[in-house]
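Below is one structure, written out as structure tokens, with a few remarks after it.
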Amino acid sequence: MSNQRFKALDVLLERKPREVALPEVRVSEYYGENVFNISTMRECLTNKAFKSVKNAMEAGERIDRSVADQVATAMKDWAITKGVTHYTHWFQPLTGTTAEKHDSFFTPIEGGKAIEQFEGQLLVQQEPDASSFPNGGIRNTFEARGYTAWDPTSPAFVMGTTLCIPTVFIAYTGESLDHKMPLLKALHSVDEAATAVCQYFDKSVTKVKASLGWEQEYFLVDSALYNARPDIMMSGRALIGHAPAKGQQLDDHYFGSIPDRALMFIQEYEVEALKLGIPVTTRHNEVAPNQFECAPMYEEADLAVDHNLLLMDLMEKIARKHNLRVLLHEKPFAGLNGSGKHNNWSLSTNTGVNLLAPGKNPKSNLQFLTFFVNTIKAIHTNADVLRASIASASNDHRLGANEAPPAIISVFIGSQLTQMLDNLEKSIKAGKMTPEDKTELKLSIGKIPQILLDNTDRNRTSPFAFTGNKFEFRAVGSTANCSAAMVAINAIVAKQLIEFKKDVDSRINKGDKKDEAILKELQKLITESKAIRFEGNGYGDEWVKEAEKRGLSNFKDTPRALDIMKTKPYISLFEELNILTKREIEARHEVDLENYIMKLQIEARILGDICQTHVIPSAIKFQNELIRNVKGLQHVLGANGKKASKVQVSLVSEISDHVIFIKENVDKMVDERKKANNLIDSEDKATAYCDKVKPYFDGIRYHADKLEMIIDDEYWRLPKLRELLFTK
Ligand code: ADP
Ligand code: MG
């Protein structure tokens, strides 16, 4: 049989788990061995050079040329001992993935010989010919050059035979062309703002770092089946395919034992991740069949972002060795759970205090409350900024789709902390507070740790939930670079803390005692930000109505969610904090829209393609067989033939109905696509794709899936979802 689907299934029958030679030593013996980290540097560098790099890492100080030369040579020598031949500046262009361009260490010298060479100049800055990365117009109007510049805060590492040097990617004019530069700036802003607020509680705090612990969800499918599905290959998701009879209703996959083939793959990428210093600790099956999750220990946000990108890259590379493909898409299979990347976020001080964990006494708890309430207020004021940071064509399928967090941003804190905030709001007196008032307040604030210990009710439907000692931003998509979300959170919290500090100081100047000023300001913020707090079911229809009453936004699609980027408050937020300029924001808006357009354009093309070249031909072939059968029956049975061929005749016309619907709608979709393509303005184009092209997808799919259910299995050429999802 020439059916490509059966061929793929045949290949699958031969599959065996790939044997992986796992290290025989303990993790602690190889953890970080492929990283040019602090301890390696201490060994390879002179004292002076080591100090200079450390200062650059911690305080952002410049590294001079002679030190750079020394670091470069040490890096090269270290890398060569690991079999490395090439180096690359590793950066994060706005495509969402990472980019690298490899150059060899070897340099020919006189006499037909060669040496291995790597100079400081090449470490510090390069000009990759990367003109086709999206830049939103920044590189069209100005000098077209783009530079990569070494980011010493993230250590260099070895991947295969290449030394990778983490860099930022900027235009000749200094404008950022990547995800990393604004993140570093946002982290700096939140550090400054939070450190200033910490001074109310502890003068020894000199630095506040944002931490990020991401949880990466993904699907695995066999590569033979994957290759037989043009839609999954090109767009990362199944554009058609009837839901399997058994989906995830039984929950038998969730936290179940990991199938052997998947486990071999997981173990292999975990070892490689650990060698790269990525502290992966958790692995388990997820809700949907063939869906899994990987989570590391949290780290400083910028390093955690790098590590997430590296891990996604590793997963894709290693999956191929196992004849598997990783689907990082937010919604590869309609009707089954999608994949997210929960971003667990917190702030901690150089004195080792987690600012979002309740402390041991009323004073440290007041500090906790300060950061807790300010974060909630930041989300309240800037929910739309947060929503825009996670907007993408693929995440649109997930947000609000009855399983993932809704597109409405709200904050969940649990019933006990809600009670706590309600009490505080009521008990803080407007005028001068008496000593009794204060004692009472201190007592109730002091109770927080006990409250949290048994505060285990977690609301899985909330997009932004407090989980004991951190907030968990659950609406981030599985394909996303976490930077965008981290830039947004840290920027809005920085801005809020700056305002808080200003308002508290002004109360103090007017005669309030410090604690009183803080409490009164917190009370104000609690009252103002109430609308953003929601403890109920985020998936329910009632919430949509209730949220509307509260005046909360509900942007269901990317073009609308991105609209905020044009507004004054959005631009001033990022300009004031010196994170992004108006021009950089405009460029990013443009890139995000272009990305959205391209994703939908590709999907629309493939959907048309597979309908015309797979679905309709399969349907017609089976229909022909039915027609032959009907004719034969009438020939053999004469007058009785009509009754005997009743089912076949009705199937013939049912098939025609579906085929007609599909063909007509594919044609209309193509027309709309052409119209959209003729639009010049990206916003118009994105909106046209969203409102005019995309609405055809579901109808076409519905009829294609109906055909899948009536056509002889032998004629169906695309692997079915049950085959993609249930083969181990
Ligand atoms: P789950 O949400 O799956 O139940 P956990 O809540 O236990 O899992 O942890 C999820 C992630 O939160 C882990 O990656 C963990 O390292 C991270 N995490 C824990 N504490 C912090 C923190 N202070 N800041 C950021 N992330 C944290
Ligand atoms: Mg979680």
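Owing to the predicted nature of the structure, the values given are computational and were not obtained by experimental measurement. Atoms within each ligand, like the ligands themselves, are counted from 1 in listed order.
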Shortest reach to atom 9 (O) of ligand 1 by a heavy atom, considering only Glu300, Lys470, Glu299: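 Going through Glu300, Lys470, Glu299 one by one, Lys470 has the nearest heavy atom to atom 9 (O) of ligand 1.
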Heavy atoms only, cut-off 4.0 Å: how does [X] contact ligand 1, side chain, backbone, both, or neither?
| X | answer |
| --- | --- |
| Gln216 | neither |
| Thr282 | neither |
| Glu472 | side chain |

With ring centroids as reference points, do [X] and [Y] lie under 6.0 angstrom apart?
| X | Y | value |
| --- | --- | --- |
| Phe292 | Phe219 | no |
| Phe36 | Phe157 | no |
| Phe471 | Phe464 | yes |

Give the atoms of ligand 1, by number and element, whose distance to some non-hydrogen atom of [X] is under 4.0 Å.
| X | answer |
| --- | --- |
| Glu215 | 1 (P), 2 (O), 3 (O), 10 (C) |
| Arg460 | 4 (O) |
| Met297 | 16 (O) |
| Asn354 | 23 (N) |

If we only count N/O pairs under 3.5 Å, is [X] in contact with ligand 1?
| X | answer |
| --- | --- |
| Pro296 | yes |
| Trp345 | no |
| Glu293 | no |
| Thr467 | no |

Worked verdict on Asp302 versus Lys180 for salt bridge (charged side-chain N to carboxylate O under 4.0 Å, His left out): CA-CA 8 Å; Asp302 50 340; Lys180 187 166 213 167; over 6 Å; no
Crowding at NZ, Lys317 (>12 non-hydrogen neighbours, <6.0 Å):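 Yes, the 6.0 Å shell around NZ holds more than 12 heavy atoms from other groups.
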Heavy-atom neighbours of Lys185 NZ exceed 12 at 6.0 Å: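 Count over threshold, so yes.
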Step-by-step salt bridge (charged side-chain N to carboxylate O under 4.0 Å, His left out) determination, Lys495 to Glu576: CA-CA 9 Å; Lys495 163 104 174 158; Glu576 275 167 29; 3.0 Å; yes
Residue pairs involving residues 374-393 (criterion salt bridge (charged side-chain N to carboxylate O under 4.0 Å, His left out); sequence neighbours excluded):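 Listed by first then second residue: Lys377-Glu528, Arg387-Asp396.
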